[in-house]
Amino acid sequence: MDFASMTDKERYAMMRKRHAYFSTLVAPYSSIEEFARDKEEWFALIGVDFSAGEKSASIYIQLDYTEYEQYHIVLDANGKPVVSHVIWWQHPVYCCNEVFNIFTQESVDEEDIYTSY
């Protein structure tokens, strides 16, 4: 897929597909630690940067030379791991880093990573 020729609508749709995929991956797990233990090597094998802490984890995807997306696994109100609707990404038109809600398509604050799921 040629990222440079994608429209915004296509980009946002792809972000939501990635979010759905990662949500499916994390759904069976009861903790971030458990997910990390099981998937850390798998992410390394497919060339995706994965890092985990006690209360969150991140999935960093380098899409091409200048574009990236970073998804976050956080704990919901019940302490179950979920994928946040908020990502870090490199805006392709303005060439700047942005904290972005992929469902509202709005720039948000970094704190929203932990409350938007």
Side-chain angles (χ1 to χ4, degrees):
M1 178 165 270
D2 180 17
F3 295 107
S5 66
M6 290 176 79
T7 66
D8 283 349
K9 185 177 178 179
E10 291 170 323
R11 286 176 198 280
Y12 303 150
M14 188 61 73
M15 289 174 181
R16 289 188 293 275
K17 285 180 185 179
R18 288 187 191 98
H19 179 276
Y21 178 74
F22 295 142
S23 293
T24 300
L25 279 182
V26 79
Y29 296 92
S30 60
S31 72
I32 291 174
E33 283 181 271
E34 180 187 13
F35 178 75
R37 197 172 35 251
D38 195 38
K39 295 295 183 188
E40 189 170 28
E41 183 178 22
W42 177 79
F43 279 116
L45 286 170
I46 63 170
V48 172
D49 184 35
F50 175 78
S51 61
E54 197 172 301
K55 296 183 180 183
S56 67
S58 69
I59 301 167
Y60 179 93
I61 307 165
Q62 188 72 43
L63 299 169
D64 68 9
Y65 183 69
T66 60
E67 290 187 52
Y68 75 89
E69 293 171 8
Q70 185 173 7
Y71 294 80
H72 304 276
I73 300 168
V74 298
L75 300 174
D76 69 10
N78 298 318
K80 182 154 174 42
V82 294
V83 181
S84 177
H85 294 180
V86 176
I87 68 168
W88 277 94
W89 76 311
Q90 175 76 37
H91 195 289
V93 175
Y94 303 113
C95 196
C96 65
N97 296 322
E98 183 177 25
V99 184
F100 183 75
N101 185 310
I102 63 174
F103 291 99
T104 65
Q105 299 175 5
E106 297 174 338
S107 292
V108 295
D109 294 324
E110 188 173 357
E111 297 81 31
D112 293 325
I113 291 170
Y114 302 98
T115 60
S116 299
Y117 45 81

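Just so it is clear, the structure is predicted and the values come from calculations on it, not from any experiment. Reckoned from all heavy atoms, side chains included, excluding hydrogens, waters and symmetry mates.
Using a 4.5 Å heavy-atom threshold, the side chains of L63 and W89 count as separate. A 4.5 Å side-chain heavy-atom check between V82 and V74 finds at least one atom pair inside the cut-off. Contact check for Q70 versus S58: side-chain heavy atoms found under the 4.5 Å cut-off. Inter-residue side-chain proximity for Y71 and R18 is flagged as met; some heavy-atom pair is nearer than 4.5 Å.
Scanning all heavy atoms of the two residues, the minimum distance from V86 to I113 falls at CG1-CG1, 3.5 Å. The two atoms that bring Y68 and Q62 nearest to each other are CB-OE1, 4.0 Å, heavy atoms only.
Atoms OH and CZ, from Y117 and F103 in turn, are 14.5 Å apart once rounded to the nearest 0.5 Å. To the nearest 0.5 angstrom, I32 atom CD1 is 12.0 Å from H72 atom NE2. In this structure, the separation between CD1 on I102 and OH on Y12 is 11.5 Å, given to the nearest 0.5 Å. With rounding to the nearest 0.5 angstrom, the CD1 atom of I87 is 10.0 Å from the CZ atom of F22. For the atom pair CZ (R11) and CE (M15), the distance works out to 7.5 Å, reported to the nearest 0.5 Å. Here the straight-line distance linking atom CZ of F43 with atom CG of L25 works out to 5.5 Å at 0.5 Å rounding.
Note on Y60: it clusters hydrophobically with W88, by side-chain heavy-atom contacts below 4.5 Å among ILVMFWY residues. Hydrophobic clustering (side-chain heavy atoms under 4.5 Å, transitive across Ile, Leu, Val, Met, Phe, Trp, Tyr) groups F50 together with W42.
Note on residues 101-113: pairs passing side-chain hydrogen bond (donor to acceptor under 3.5 Å, both in side chains), not counting sequence neighbours, are E98-S107.
Side-chain N or O atoms of S84 include one that pairs as donor or acceptor with a backbone N or O of S116 at under 3.5 Å. The main-chain N or O of D64 is never found under 3.5 Å from a side-chain atom of E67 such that the two would form a donor-acceptor pair. Without hydrogens or angle criteria, K80 side chain to A27 main chain gives a donor-acceptor distance under 3.5 Å.
Ring-plane geometry between Y29 and F35 is classed as perpendicular, the angle between the planes exceeding 60 degrees on a 0 to 90 degree scale with a lower cut at 30.
For Y21, there are no side-chain hydrogen bond (donor to acceptor under 3.5 Å, both in side chains) partners two or more places apart in sequence or in a different chain.
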